[in-house]
Amino acid sequence: MKKPNFVVVIALFLAMAALFSCKSTPDIAPVDAFELLDGDAALYLTVPVQANSEFVTNAIQKIGKIAESDAKKITERLDMAYVAILPSGKIQLSASGNLPKAFASLALSEKNGWTAGAKEGHTFYTHKDTGFELCIPSSSNVFLAGNISQMAKRYNKIAYSDLTSDEKLLSQAISQSDYKYLHENISSNMMLYSPSPRFLLKNFFGALDVKTPVTSVYAAVSPYSEVKGYDYNVKLVLNLSDARTVKATEALLKVGLFGMASKISQTGQAQITIVELLLRKSQILALIK
């Protein structure tokens, strides 16, 4: 089966999340969508939807082939979207918002490529082409993955105080500083963190050797409009395993970023920071395939 484009998966997820949701159960506890992701992912991405509405709207248009006005209506229903890419390359998506109460069983029909099933006490839908499973347990939460079992268990652990679940919440699996970076004081920025950055750097800097000494990457992607033709101003912080490799890695980055507006400097004994990296929206959408 052909592996779906990452952006297409995100767009499909956002479209389904906004259009089709079930009535929430009144006696369940609020569930933080961020907590449902696996704790051993290779990359995490946080998207404040309303501050990046144009980005989300374009992603929905890309997969849904619908009018911009309709895509905007979908975007208006979401507030936060979280993405995890596992070491295997599989994707998890979890979002929150004020989702409309529609007829999921009718819209997510076999005619439209969806097959209904049940896992961990929840109805879920599997798409025949991608194999992704979509679960909408309440009007405030929706999540998608190749296998939603673990995410559903975490949802039950929070929503229903399921003390029998041994699934770790994301806040229990990653460091407090990384949790805060991805989940607190985000404002309008999309936040990215990769504890296993080799595939990310290979996609972003084509000339960079995949055997890079970079051990982690942090990025803040800010909406930008000061220079015509650019949509985002990106700040990247790269941590290295060996301070002796800083100069060589910095040189490789300059080659990889040749012709792109940016400033590269050493900001720590084993750290490199790239600022004022101006990118187009299309480059962000195509960053991860």
Side-chain angles (χ1 to χ4, degrees), residues 10 13-41 44-53 56 60 73-84 91-105 107-108 118-125 132-145 147-193:
I10 291 180
F13 169 77
L14 293 174
M16 291 301 100
L19 287 175
F20 315 118
S21 66
C22 303
K23 186 177 181 180
S24 60
T25 305
D27 59 348
I28 65 174
V31 176
D32 183 347
F34 187 63
E35 293 281 25
L36 305 185
L37 301 176
D38 279 10
D40 60 350
Y44 296 97
L45 178 67
T46 296
V47 183
V49 176
Q50 296 310 309
N52 297 278
S53 57
V56 176
I60 293 173
K73 291 178 182 178
I74 296 171
T75 301
E76 289 170 359
R77 293 288 184 172
L78 300 176
D79 48 43
M80 294 299 300
Y82 303 102
V83 180
I91 297 168
Q92 292 180 335
L93 299 159
S94 183
S96 62
N98 181 17
L99 308 175
K101 298 172 183 177
F103 299 96
S105 59
L108 303 177
K119 282 186 179 180
E120 307 300 330
H122 297 286
T123 298
F124 73 98
Y125 300 86
F132 278 99
E133 297 175 354
L134 174 70
C135 184
I136 312 169
S138 76
S139 60
S140 300
N141 290 92
V142 57
F143 48 89
L144 176 149
N147 185 332
I148 56 95
S149 293
Q150 290 177 294
M151 299 180 78
K153 287 179 181 178
R154 295 188 190 103
Y155 180 89
N156 291 343
K157 184 173 184 177
I158 301 172
Y160 303 111
S161 300
D162 182 6
L163 300 179
T164 65
S165 175
D166 58 359
E167 290 293 331
K168 281 189 176 182
L169 304 180
L170 187 56
S171 59
Q172 299 171 321
I174 64 176
S175 70
Q176 185 177 9
S177 60
D178 291 335
Y179 181 89
K180 288 182 177 180
Y181 184 83
L182 290 166
H183 198 50
E184 298 179 11
N185 302 318
I186 293 171
S187 64
S188 62
N189 295 340
M190 290 190 284
M191 309 300 290
L192 182 149
Y193 162 60

| request: Determine, step by step, whether E167 and Y155 satisfy the side-chain contact (heavy atoms from CB on, under 4.5 Å) criterion, reporting the C-alpha distance in whole Å, the side-chain angles of both residues, the deciding distance to 0.1 Å, and the verdict. | output: CA-CA 10 Å; E167 290 293 331; Y155 180 89; over 6 Å; no
| E133 versus N147, closest heavy-atom pair with distance | OE1-CA, 3.5 Å
| Greater than 12 external heavy atoms within 6.0 Å of E184's CD | yes
| field | Heavy-atom check, side chain of L37 versus side chain of M151, under 4.5 Å | value | yes
| query | Is the shortest side-chain N to carboxylate O distance from D38 to R154 below 4.0 Å? | reply | yes
| said: So for atom NZ, which belongs to K168, do other residues, nucleotides or ligands contribute more than 12 heavy atoms lying within a distance under 6.0 Å? | reply: no
| field | Nearest-0.5 Å distance that lies between atom CG in L163 and atom NZ in K157 | value | 8.5 Å
| request: Nearest 0.5 Å please: distance from the CZ atom of F143 over to the CZ atom of F124. | output: 10.5 Å
| message | So F34 and M80, do their side chains get closer than 4.5 Å, heavy atoms only? | response | no
| field | Minimum side-chain heavy-atom gap V31-L36 below 4.5 Å | value | yes
| said: For S140 and S138: C-alpha separation, side-chain torsions, deciding distance, then whether side chain to side chain donor-acceptor pair (under 3.5 Å) applies. | reply: CA-CA 5 Å; S140 300; S138 76; 4.5 Å; no
| Are the side chains of V49 and D79 in touch, meaning some heavy atoms are under 4.5 Å apart? | no
| said: For A84, is there any backbone N or O sitting under 3.5 Å from a side-chain donor or acceptor partner on Q92? | reply: no
| said: With a 4.5 Å cut-off on side-chain heavy atoms, are H183 and T46 touching? | reply: no
| request: Evaluate the side-chain proximity of I174 to Y44: yes if any heavy-atom separation is below 4.5 Å, no if none is. | output: yes
| message | If only side-chain N and O atoms count, and only distance matters, is there a donor-acceptor pair under 3.5 Å linking E35 with S171? | response | yes
